[in-house]
Amino acid sequence: MNKNKVTLNLLSSFNSSNFANLLKNSNDFDWEIHEADYSQIFQTLSNKNSKMWRTKSNITLIWSTPESISPEFNKLLENKEIDSDIIKQDVFHFFSCVKLIQNNTDLVILPSWILREPYEGSIALSYSKNLGVEYNLSLMNHYLSELINKEKNFYLVNSSKWLSNCGAINTYNSKLWYLMKNPFSNDFFKEAITDITFLYKSLKGLSKKLLILDLDNTLWGGIVGDDGWKNLRIGGHDHLGEAFKDFQNKIKSLKKSGILLALCSKNTESVAIEAIQKHPEMVLSMDDFVNFRINWDDKAKNIADMTKELNLGLQSVVFLDDSPFERARVKEMLPEVVVPDLPINPEEYPNFLSKLHYFDSAYISEEDKKRAELYKSEFKREKLKQEFKSVSQWVETLELKVTIENIKNENLPRAIQLLNKTNQLNLSTRRLTEKEFTNWIKISSNKLWTIRAKDKFGDYGIIGILSLSTKMKVAQLIDFILSCRVIGRNIEEVMIEFIKEFCRKNKIQKINGKYIKTKKNIPLFEFLRKLNLVSSKNYSFEINSNQDDLNLTNIEIIKPFSKN
Amino acid sequence: MDKIVTKTIEKLNELLPAKKKLINEDSTPLISKNSNLDSVDLVNLFINLEQIIQKEKKLNLTFDDLIENINQLETIGSLKYFLTQKFKNE
């Protein structure tokens with residue numbers, strides 16, 4: 001399987017070769033790592049001619065220890081009194097150096113500071129301002145996080161968590177330090193690699209979108225068909241019941257952050273739904289699920305069908321089931337679906353879910369919060385669609401209203417999210433960081449619009465982006481992006497007509513475009529082929545802005561021309 | 001000692017690029033002119049071995065023990081023989 005290449009510049013205050021080798025051997029990406037000599041952080045950051053900065057990397061990872069950043073902090077380890085303000089100055093100096101390379105990389109990742117070796121000083125003095133290691137280490141991390149929060153594309157990742165997960169005894173290895181100048185174990189590095197990979201995936205819009213859940217012994221304790229809904233273990237004065245309730249609460253909070261939920265259970269539908277509706281301790285209700293299959297069919301088939309109905313790819317799905325048999329079956333039949341092994345003890349389910357980072361997101365937009373509702377409206381539309389003979393007949397009944405707006409601050413997060421997450425209806429599949437995106441739209445010859453839509457069933461929110469770059473009276477279509485949720489209801493055509501109208505108004509006749517093929521953007525190819533713009537041999541196309549308009553009836557379109 | 005050496009090789013292979021990964025066979029070179037391992041790989045090999053033997057068998061093997069007997073560690077097979085001999089009375 002071809003993996004996406006990710007370039008990473010690695011600067012560290014210790015010998016990080018083991019970390020780099022483990023990262024290269026990790027599965028998610030094809031990592032290309034450029035390592036600076038260890039203990040040369042400041043020198044490498046300040047040397048603009050360093051080979052490392054010649055090409056822009058995807059990630060720069062700067063991994064330092066507090067001892068290497070602040071000489072004042074070092075004095076604490078020798079039980080000397082220090083001045084906390086000097087430590088803050090050291091942190092500020094470090095961060096000023098880090099900022100020097102921000103244009104040479106998409107992202108800067110800094111693990112939070114932990115000590116290079118275990119340290120136990122006086123218990124009484126731990127949090128003393130002038131003598132406490134813990135106080136000043138917290139201060140350093142807090143101050144660094146404040147500086148980072150002012151920047152875009154800088155991320156402080158929690159290395160204390162890695163230490164806590166491994167335990168100090170499995171984190172530090174003094175032999176490795178004295179022989180290799182590497183203080184940390186491979187297990188500790190593996191924790192770091194997991195987090196850094198998930199962080200990168202979430203920033204690149206590769207997080208999962210749909211969580212499909214089993215019922216018996218997954219959402220509740222017991223088997224509803226045998227035990228009856230009144231005897232299921234959820235909540236109450238029961239340790240297992242409490243664990244299942246907490247697990248449901250955590251799932252509900254995922255839904256609130258925009259993750260879609262669905263059910264896939266081998267049960268009699270009416271019996272299972274009765275339990276969900278009647279059990280007084282159920283946290284999740286049928287309204288929380290955008291789709292369900294409660295029957296005795298093969299779960300792999302059920303999952304594939306539900307995912308297709310939601311217009312999602314199988315790579316967007318996580319499936320949780322207590323049964324090793326069902327998990328193995330789904331893993332075998334649908335290898336793109338993530339099927340984690342649930343712990344044997346349900347008491348561990350809530351914590352287990354917290355540690356699954358598949359759903360991590362860098363930000364949560366208004367559209368994310370409403371996603372489940374949006375998908376439910378979609379079902380109503382689909383139902384209506386089936387009643388009509390043709391798609392155009394169906395679209396005419398939707399009372400569709402499309403609003404095209406110039407990009408504005410409040411729409412930025414959603415626009416960036418669409419740019420980085422949309423796969424199927426995406427012309428170029430270019431991915432940009434927030435900073436790159438804001439820089440791009442600042443260029444006067446570039447224009448970018450967001451597309452909103454609503455119909456009689458509900459508001460879709462912002463579902464598309466269009467962008468052009470103009471030069472010498474020729475426009476280049478850069479982004480043509482539409483959420484897969486709204487494919488095939490003539491919004492694509494509205495977008496094409498809008499570009500033509502914009503160009504006509506700006507006396508631009510020629511609009512060039514190029515379809516860049518990916519594994520997933522076939523739907524866009526099909527749309528462009530329908531308009532006779534591309535063929536299987538030619539992906540470049542030209543649109544004449546004076547060309548006849550496409551026939552779009554019964555769609556209200558609000559355009560931003562008054563502001564141009 | 002076979003299990004100990006197997007685990008050690010597995011741990012080392014986590015760090016090695018595909019081309020350098022060791023095949024767990026007695027004839028695979030470790031410390032010889034035919035070996036692909038560099039000094040950092042050897043340090044990792046020895047530290048892993050020391051930790052695994054301590055954890056699994058509660059036996060003490062130091063880095064210095066290995067360095068002093070480096071001539072006897074030409075291949076995976078000779079490493080197993082060295083360990084078996086060293087701990088035959090344990």
Side-chain angles (χ1 to χ4, degrees), chain A residues 1-3 5-8 10 12 14-39 63 117-118 162 166-194 196-197, chain B residues 3-24 28-31 35-71 73 76 79 82-83 86-87:
Chain A
M1 193 176 75
N2 282 339
K3 293 186 274 188
K5 187 171 173 178
V6 180
T7 53
L8 181 139
L10 177 57
S12 68
F14 51 86
N15 179 347
S16 54
S17 63
N18 280 3
F19 170 80
N21 290 333
L22 285 166
L23 186 60
K24 280 181 204 160
N25 284 337
S26 65
N27 286 325
D28 295 274
F29 297 105
D30 174 13
W31 293 95
E32 182 184 303
I33 301 172
H34 304 281
E35 274 183 274
D37 291 339
Y38 78 86
S39 215
W63 198 338
E117 58 185 349
W162 311 332
C166 290
I169 201 158
N170 294 317
T171 294
Y172 294 108
N173 187 324
S174 49
K175 192 153 281 183
L176 274 172
W177 173 253
Y178 288 113
L179 285 164
M180 288 175 65
K181 291 292 169 276
N182 164 21
F184 303 123
S185 69
N186 292 347
D187 286 343
F188 178 78
F189 285 143
K190 285 178 194 169
E191 291 279 335
I193 287 166
T194 302
I196 289 164
T197 306
Chain B
K3 274 187 184 173
I4 301 288
V5 173
T6 300
K7 278 193 176 178
T8 306
I9 300 298
E10 281 170 3
K11 278 266 178 197
L12 182 66
N13 277 340
E14 288 180 355
L15 295 166
L16 299 177
K19 282 181 192 167
K20 277 177 81 179
K21 285 191 196 300
L22 297 181
I23 299 165
N24 189 12
T28 301
L30 283 181
I31 302 158
S35 171
N36 287 326
L37 302 180
D38 60 27
S39 58
V40 173
D41 301 330
L42 288 179
V43 171
N44 277 309
L45 174 78
F46 289 174
I47 291 176
N48 286 337
L49 180 60
E50 193 185 318
Q51 283 180 335
I52 291 168
I53 211 162
Q54 169 64 42
K55 195 176 167 191
E56 304 273 322
K57 300 266 183 190
K58 309 278 179 250
L59 296 173
N60 276 330
L61 176 74
T62 66
F63 193 83
D64 289 349
D65 284 340
L66 292 161
I67 293 290
E68 280 164 18
N69 294 286
I70 206 154
N71 294 336
L73 309 177
I76 288 181
L79 171 65
F82 166 75
L83 295 172
K86 183 167 175 61
F87 296 111

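First the proteins, then the strands, lettered A, B, ... as listed; each starts at 1.
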What part of B:Ile47 lies closer than 4.5 angstrom to a heavy atom of chain A: side chain, backbone, both or neither?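 Side chain only.
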Atom group of B:Lys20 that falls short of 4.5 Å from chain A, counting heavy atoms: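 It is neither, since no heavy atom gets under 4.5 Å.
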When you measure from the side chain of A:Asn25 to the backbone N and O of B:Leu16, does any donor-acceptor pair fall under 3.5 Å?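 Yes, the answer is positive, given that a donor and an acceptor are paired below the 3.5 Å cut-off.
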Looking only at non-hydrogen atoms, find the nearest pair between B:Val40 and A:Met180 and report the distance.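 Shortest heavy-atom contact: CG1-CE, 3.5 Å.
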What residue among A:Leu176, A:Asn21, A:Leu179 forms side-chain contact (heavy atoms from CB on, under 4.5 Å) with B:Asn44?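 Only match with B:Asn44 under side-chain contact (heavy atoms from CB on, under 4.5 Å): A:Leu176.
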Under 4.5 Å, heavy atom to heavy atom, which residues of residues 181-189 of chain A contact chain B?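 Under the 4.5 Å heavy-atom cut-off, A:Asn186, A:Asp187 qualify.
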With chain A as the partner chain, list the residues of residues 50-62 of chain B whose heavy atoms fall under 4.5 Å from it, by residue number, and write 'none' if nothing qualifies.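 Counting heavy atoms that sit under 4.5 Å from chain A, the residues of residues 50-62 of chain B involved are B:Glu50, B:Gln51.
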Region of A:Lys175 that comes under 4.5 Å of a non-hydrogen atom in chain B: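 Both parts, backbone and side chain.
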Is the NZ atom of B:Lys21 crowded by more than 12 outside heavy atoms at less than 6.0 Å?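 Enclosed.
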